[in-house]
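Here the structure comes first, spelled out in structure tokens, and everything after it is commentary.
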Amino acid sequence: MTESATPPAHSPSNLPPFRYTARLAAEIESKWQDSWETEGTFHTPNPAGPLADPTRLGTKPKAFIVDMFPYPSGAGLHVGHPLGYIGTDVYARFKRMKGFNVLHTLGYDSFGLPAEQHAITTGIHPRINTESNIANMRRQLRRLGLGHDSRRSVSTTDEDFYKWTQWIFLQVHGAWYDEARNKARPIQELIEEFSQGLRATPSGTPWADLTSSERHAIIDSYRLAYLTDAPVNWCPGLGTILANEEVTADGRSDIGNYPVFKRNMRQWMMRITAYADRLLDDLDRLDWPEPIKLMQRNWIGRSTGARVTFSTPAGGIDVFTTRPDTLFGATFLVLSPEHPFVASLTTEQQRASVEAYCAQAAAQQDNERQDDSKEKTGVFTGATATNPVNGAQIPIYVADYVLMGYGTGAIMAVPSGDQRDFEFARAYNLPIVATAMPPASWFAQHEITPSSDCATWPCAFTGDGEYIDSANDSVSLNGLTSIEEATSRIVEWLTTHQLGEGTTTYRLRDWLFSRQRYWGEPFPIVYDDEGNAHAVPEKELPVLLPELADFKPTALDPNDAHSDPIPPLARITDWMQVTLDLGDGPRAYRREVNVMPQWAGSCWYEMRYLDPTNTERFIDPDVERYWMGPEHEGHTGGVDLYVGGVEHAVLHLLYSRFWHKVLHDLGHVSSEEPFHRLFNQGYIQAYAYRDERGQAVPANEVVESDGQYMWNGETVAREYGKMGKSLKNIVTPDEMYEEFGADTFRLYEMAMGPLDASRPWNTRDVVGMQRFLQRLWRNIIDEDTGTSIVTNDPAPEELLRHLHRTIAGVESDMDGLRFNTVIAKLIEFNNALTQHVTTTHSSPRVLIEPLVQMLSPLCPHVADELWSRIGKSDSVTYVPFPVADPALLAEDTIEIPVQINGKVRGRILAAPDAGEDTLLEMARGVESVSAALEGKTIVKTVVVPGRMVNIVVK
RNA sequence: GCCCGAGUGGCGGAAUGGCAGACGCGACGGAUUCAAAAUCCGUUGUCCGAAAGGGCGUGUGGGUUCGAGUCCCACCUCGGGCACCA
């Protein structure tokens with residue numbers, strides 16, 4: 001025994017001195033947390049570099065487990081935050097016991113908007129605020145007993161972290177996408193192709209004859225990071241540019257309610273669209289939840305179809321259509337209000353109404369414009385276009401349901417085959433021409449007489465039908481019934497007549513990468529006198545974020561739409577000006593004054609965990625290959641388990657995949673994907689209560705009686721949602737540590753439901769997990785002396801069988817991250833054990849040791865304490881997980897239900913391998929069954945050996 | 001609006017297409033106690049019934065199947081995302 005029998009301090013006199021109370025738990029927990037820290041229990045060895053440790057590395061398989069890292073909020077953690085962290089910790093600890101070299105740590109996504117807003121209102125530097133928030137979160141998380149390698153915890157705001165974020169930006173900036181090789185290549189290789197004449201310049205002018213600025217412009221147009229004019233939300237009243245979430249639905253600032261104007265600014269974009277196909281196709285090789293893959297597929301939105309040119313008085317207009325086979329039914333064109341041809345096409349007569357319409361559309365958000373439920377609006381330009389297949393003159397409309405950002409910003413409308421076009425055509429009295437004859441069933445369903453005259457149709461027909469009225473002198477689709485065949489025939493015709501071609505478009509847009517903020521990574525970019533952008537040399541990195549004297553921007557006239565937006569860094573004029581030698585002697589340059597978005601750091605942070613102290617590279621290639629490299633041919637490589645909320649399903653996960661692929665193409669990483677396996681945790685939400693005036697009241701003071709919720713004698717209304725200050729429903733981990741201890745808290749979070757489901761927090765339920773740990777403790781420890789009561793007595797066979805069933809179940813549930821059912825199985829076994837211990841006063845070691853081992857991933861502190869109290873010297877952390885004995889898993893007999901017409905009418909006990917005939921015979925022998933069969937005719941019998949018997953009677 | 005997901009006892013939840021409600025909370029009853037706390041034992045979907053037993057039950061309505069919480073169709077409600085919150 002390693003423990004003395006001295007009672008713990010502060011033991012309440014009316015309880016046994018060694019009862020497992022919150023107070024004893026707290027002592028045990030802080031003791032083991034200190035021990036793990038001193039021993040470096042969770043220090044994980046690397047194969048190379050400063051963190052290498054060959055003896056600890058051994059020949060173990062590896063497991064790299066990552067949580068989506070948190071933004072260090074000033075409010076600290078509430079009980080909802082650690083759900084995923086506990087889940088990954090349990091899994092990581094389980095994998096250690098299964099013999100894996102496990103890497104698990106947690107960093108901080110510490111750039112971002114809230115710190116900057118905090119700085120604006122308080123004047124406190126975001127760095128100071130951020131660092132104190134991180135310190136608080138580290139304290140709260142340490143108390144939770146997470147087995148993290150603390151040496152590897154990084155923050156995106158660390159200078160030696162964002163140095164590499166900037167370095168990666170330079171890699172993206174210094175690369176172009178080679179469509180032929182379908183990968184990114186260094187921009188230098190493109191310059192060589194141009195200078196050696198292997199690639200023609202866009203204008204055809206030889207490379208040697210171009211000016212330096214002209215060459216610069218051509219090269220820049222190929223880069224994966226490029227500059228373009230893009231709109232920002234400029235709020236002169238605040239003197240700042242606002243994020244979308246800071247702008248209200250009616251186009252005013254959330255803070256101060258000032259007008260917000262859309263203004264164009266020169267901004268960096270990332271050419272993520274170049275990777276659209278690979279981002280889409282490689283999803284098939286990832287172990288991700290299918291709904292998340294689907295969301296990414298929909299987001300990328302690849303659709304194949306054709307680009308078709310319609311001639312108009314202002315020139316040819318390209319439209320993109322997924323249904324070129326319906327071209328003969330195109331009876332009007334619709335342009336997006338932002339389409340460049342709108343002004344030149346509009347006739348004088350129509351000008352006033354078109355301009356008014358465009359102005360009104362400009363004020364709307366894209367997703368409002370696509371609202372299918374609202375009435376379709378639009379306005380006639382006065383001009384017509386020529387349908388290339390039949391020469392028909394068709395009117396050109398402007399309508400806001402067509403978006404400039406998708407396809408070509410212009411569509412051909414086929415009202416007979418598209419419901420949106422159909423509604424528009426009906427509303428504006430435009431012709432509707434059928435190109436396919438619907439089947440009789442379609443007419444029957446709509447209760448109309450079959451006719452190709454669309455005037456009688458109630459809606460568009462979108463199904464398969466025989467093509468009609470779809471022919472000109474040189475092509476005919478008539479009589480075809482396959483969309484595929486008709487499409488390929490018409491695309492071929494369009495291509496030979498140079499009126500269009502088959503093409504693919506994507507819904508995915510390039511990534512707007514600039515933010516007009518202070519608290520983000522500065523771009524490692526400078527501009528020369530002619531406005532050309534240059535990369536800052538690698539040896540100059542990091543470009544440090546300069547100090548800012550005053551975080552409050554200067555407010556301007558709130559209604560001055562024409563004032564120029566000024567990003568915070570532009571106010572630091574002596575920082576903006578810099579003298580650099582970029583190879584042609586020291587010259588004056590102007591720094592980029594935008595900063596990177598918060599996504600930047602989160603696009604690659606998991607790799608820095610692997611090699612956090614490397615000063616030469618963002619990661620050592622050997623280290624990357626060990627932890628993230630592909631496991632076999634065709635494997636993408638990447639993190640073995642990535643856990644986080646679904647809210648990141650698209651953006652974060654798409655952006656980081658994109659950066660990773662660029663780094664892979666350029667040879668910096670061996671893995672093709674950052675996250676091989678993804679798991680989405682649910683949210684913990686909470687009830688909140690409001691009084692009659694709608695004011696939130698403290699949720700922890702609300703009592704329930706007779707289905708009513710009462711606060712201070714007053715009836716209050718309950719609602720369900722996120723935990724938050726304003727709802728007065730926050731429960732913190734600190735309160736849970738105080739009241740129950742970290743192990744009970746961990747257990748409750750894992751027991752309350754499956755990890756991927758959202759559920760409400762209920763403090764009242766936590767006690768169940770505490771009682772379980774107390775019963776388990778009491779099965780091992782004498783509550784009066786604190787010493788072990790474990791004996792070497794043999795265990796009854798029934799309990800041994802139960803133990804091995806439990807081991808088998810726990811192991812597979814752990815592997816599947818089903819911790820809630822792991823806990824249920826442990827409780828069931830412990831309850832059985834409790835009966836044995838209380839009746840026989842014997843606590844067999846052969847049962848206790850595996851139980852403590854199985855408990856340890858979930859409740860590591862109490863498990864280590866029990867392990868030590870039953871005479872073990874080391875932490876249970878690396879002790880191999882118990883193995884179920886197959887001989888003890890086999891059952892002699894199993895109970896099988898007997899159904900009559902699908903309803904259970906009796907049960908039989910049979911051997912697990914009993915055959916169909918035996919089972920049926922036994923079933924008919926059951927009294928309740930034979931009674932139910934009395935006077936009935938057996939129609940059919942269904943026997944599933946080992947499962948059930950069903951007798952169908954009449 | 002579009003995309004994704006979820007609806008099971010009083011509550012959190014369990015259930016390879018095969019015994020619905022494991023496990024926990026709460027509630028009720030009992031043991032122990034001078035009394036309480038703590039602990040232990042039992043009951044607890046619902047309706048009918050004294051009981052034995054039976055009817056009904058997994059958001060709503062249909063369907064597939066010998067058999068559906070589970071699969072299919074439609075609908076309702078709630079949650080997440082919609083590109084500058086992360």
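A, B, ... follow the sequence lines: proteins, then strands. Residue 1 opens every chain.
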Discussion item. Tell me whether A:Gln774 contacts the main-chain N or O of A:Tyr20 through its side chain, where contact means a donor paired with an acceptor under 3.5 Å.
Written reply: yes

Practice prompt. Could you check A:Trp599, A:Trp519, A:Tyr71 and say which one makes a ring pair (Phe, Tyr, Trp, His ring centres under 6.0 Å) with A:Phe111?
Written response: A:Trp519

All N/O pairs under 3.5 Å across the protein-nucleotides 66-69 of chain B interface:
from  : atom 1 : to       : atom 2 : distance (Å)
B:C66 : OP1    : A:Lys940 : NZ     : 3.4
B:C66 : O2'    : A:Asn950 : ND2    : 3.4
B:C66 : O2     : A:Asn950 : ND2    : 2.5

Response to the item:
Winner on side-chain proximity to A:Pro760, out of B:C85, B:G13, B:G18, is B:G13

Worksheet entry | Check ion pair A:Lys262-A:Glu338 (N to O, under 4.0 angstrom) | no

Worksheet item: So, for A:Tyr275 and A:Trp659, is the gap between ring centers shorter than 6.0 Å?
Response: no

Discussion item. Could you check whether atom CZ of A:Arg19 has more than 12 heavy atoms from other residues, nucleotides or ligands sitting under 6.0 Å from it?
Written reply: yes

Practice prompt. Assign A:Arg297 to base, sugar-phosphate, or nothing according to its heavy-atom contacts below 4.0 angstrom with the strands shown.
Written response: nothing

Worksheet item: Does a distance-only test, which skips hydrogens and angles, find a donor-acceptor pair under 3.5 Å between the side chain of A:Glu246 and the base of B:C85?
Response: no

Fill in: Main-chain N/O of A:Ala757 paired with A:Arg759 side-chain donor or acceptor, under 3.5 Å
yes

Worksheet item: When the C1' atoms of B:C78 and B:C84 are considered, how many whole Å apart are they?
Response: 28 Å

Item to complete: Name the nucleic acid region contacted by A:Leu242, choosing base, sugar-phosphate or nothing; use a 4.0 angstrom heavy-atom cut-off, strictly under.
Response: base

Worksheet item: Can you name the nearest heavy-atom pair linking A:Met270 to A:Ala225, along with the distance?
Response: CE-CB, 4.4 Å

Discussion item. Between B:G7 and B:G21, how far apart are the two C1' atoms, rounded to whole Å?
Written reply: 16 Å

Discussion item. For a quick test of reading the model, state the closest non-hydrogen atom pair linking A:Leu755 to A:Leu817 and the distance between them.
Written reply: CB-O, 4.2 Å

Worksheet item: Among all residues two or more places apart in sequence or in another chain, which pass the salt bridge (Lys or Arg N to Asp or Glu O under 4.0 Å) test with A:Arg905?
Response: none

Discussion item. In whole Å, measure the gap between the C1' atoms of B:A68 and B:G62 for me.
Written reply: 14 Å

Practice prompt. Using the P atom as the reference point in each nucleotide, state the distance between B:G69 and B:U8 in Å, no decimals.
Written response: 14 Å

Discussion item. Would the base of B:C84 count as contacting A:Gln267 through its side chain, where contact means a donor and an acceptor less than 3.5 Å apart?
Written reply: yes

Worksheet, complete the sentence: Residue pair A:Thr834/A:Asn820 against RNA chain B: nearer the 5' end by closest nucleotide is A:Asn820

Practice prompt. Describe the nucleic acid contact of A:Glu783 in one word from base, sugar-phosphate, nothing, applying a heavy-atom distance below 4.0 Å.
Written response: nothing

Worksheet item: Should the pair A:Arg657 and A:Trp288 be classed as cation-pi, given the thresholds of under 6.0 Å to the six-membered ring centre and 45° from the axis?
Response: yes

Worksheet entry | Ring geometry between A:Phe523 and A:Phe513 (parallel below 30°, tilted from 30 to 60°, perpendicular above 60°) | perpendicular

Worksheet entry | Base-paired stems in RNA chain B, each at least three Watson-Crick or G-U pairs under 3.5 Å | B:1-7 with B:76-82, B:10-12 with B:23-25, B:26-31 with B:39-44, B:45-48 with B:53-56, B:59-63 with B:71-75

Worksheet item: So, A:Arg907 side chain and A:Val926 main chain: donor-acceptor pair closer than 3.5 Å or not?
Response: no

Worksheet item: Would you call the rings of A:Tyr655 and A:Trp511 parallel, tilted or perpendicular, where under 30° means parallel and over 60° means perpendicular?
Response: parallel

Is there any protein nitrogen or oxygen under 3.5 Å from a nitrogen or oxygen in nucleotides 30-35 of chain B, and what are the pairs?
none

Discussion item. Of the listed nucleotides (B:C82, B:A38, B:C19), which one gets closest to any side-chain atom of A:Arg19?
Written reply: B:A38

Item to complete: Check the chi torsion on B:G21 and let me know: syn if it falls within 90° of 0, anti if not.
Response: anti

Fill in: Shortest side-chain distance from A:Ala824, nucleotide among B:C82, B:A22, B:G13
B:A22

Worksheet item: If you look at every strand shown and take non-hydrogen atoms under 4.0 Å, does A:Pro114 touch a base, only sugar-phosphate, or nothing?
Response: nothing

Worksheet item: What nucleotide among B:C84, B:G18, B:C25 has an atom nearest to a side-chain atom of A:Arg764?
Response: B:C25

Practice prompt. In whole angstrom, give me the gap between the C1' atoms of B:G17 and B:U65.
Written response: 9 Å

Worksheet item: Looking at the side chain of A:Arg759, which of B:C19, B:G13, B:C23 is the nearest nucleotide?
Response: B:G13

Worksheet entry | Nucleotide nearest A:Thr821 when distance is taken to its side chain, options B:C11, B:C82, B:A15 | B:A15

Practice prompt. Keeping the roles fixed (side chain from A:Ser73, backbone from A:Ala75), state whether a donor-acceptor pair exists under 3.5 Å.
Written response: yes

Discussion item. I'd like the C1' distance from B:A14 over to B:G49, given in whole Å.
Written reply: 31 Å

Item to complete: Go through A:Asp109 and A:Ser602 one step at a time and tell me if the side-chain hydrogen bond (donor to acceptor under 3.5 Å, both in side chains) criterion holds.
Response: CA-CA 7 Å; A:Asp109 190 12; A:Ser602 61; 4.5 Å; no

Worksheet entry | Plane angle bin for A:Tyr687 and A:Tyr689 - parallel if under 30°, tilted between 30 and 60°, otherwise perpendicular | tilted

Worksheet item: Between B:C84, B:A14, B:G79, which nucleotide has the shortest distance from any of its atoms to the side chain of A:Asn244?
Response: B:C84

Worksheet item: Run the salt bridge (charged side-chain N to carboxylate O under 4.0 Å, His left out) check on A:Glu811 and A:Lys825 step by step: do they pass?
Response: CA-CA 11 Å; A:Glu811 173 161 6; A:Lys825 289 179 170 86; over 6 Å; no

Using the 3.5 Å cut-off, write out each protein N or O paired with an N or O of nucleotides 3-5 of chain B and the distance between them.
from : atom 1 : to       : atom 2 : distance (Å)
B:C3 : O3'    : A:Asn298 : ND2    : 3.0
B:C3 : O2'    : A:Asn298 : ND2    : 2.8

Worksheet item: If the P atom of B:A22 is compared with that of B:G45, how far apart are they to the nearest Å?
Response: 8 Å

Worksheet entry | Sugar-phosphate only, base, or nothing, as touched by A:Ile823 at under 4.0 Å among non-hydrogen atoms | nothing

Practice prompt. For A:Asp510 and for A:Ala751, find the nucleotide of RNA chain B with the closest heavy atom, then tell me which residue's nucleotide is more 5'.
Written response: A:Ala751

Worksheet item: Touch check for A:Glu647, heavy atoms < 4.0 angstrom, all strands: base, sugar-phosphate only, or nothing?
Response: base

Worksheet item: What nucleotide, of B:G24, B:C25, B:G12, holds the atom closest to the side chain of A:Met769?
Response: B:G24

Discussion item. Salt bridge check, A:Glu521 against A:Arg515: does any charged N sit closer than 4.0 Å to a carboxylate O?
Written reply: no

Worksheet item: Tell me: CD1 of A:Ile908 to P of B:C19, nearest whole Å?
Response: 14 Å

Fill in: A:Arg515 vs B:C84: side-chain N/O to OP1/OP2 distance below 4.0 Å
yes

Worksheet item: Between B:G12, B:C23, B:C85, which one does the side chain of A:Asp765 approach most closely?
Response: B:G12

Worksheet item: For residues 771-782 of chain A, which residues have at least one heavy atom under 4.0 Å from RNA chain B?
Response: A:Arg771, A:Gln774, A:Arg775, A:Arg778

Discussion item. Of the listed nucleotides (B:C84, B:C25, B:C41), which one gets closest to any side-chain atom of A:Gln835?
Written reply: B:C41

Discussion item. Within the 4.0 Å heavy-atom criterion, would you say A:Val232 contacts the bases, only the backbone, or no part of the nucleic acid?
Written reply: base

Item to complete: Taking atom C1' in both B:U58 and B:G9, compute the distance separating them and give it to the nearest angstrom.
Response: 10 Å

Worksheet item: Looking at A:Arg507 and A:Asn298, what are the two nearest heavy atoms and their distance?
Response: NE-O, 3.4 Å

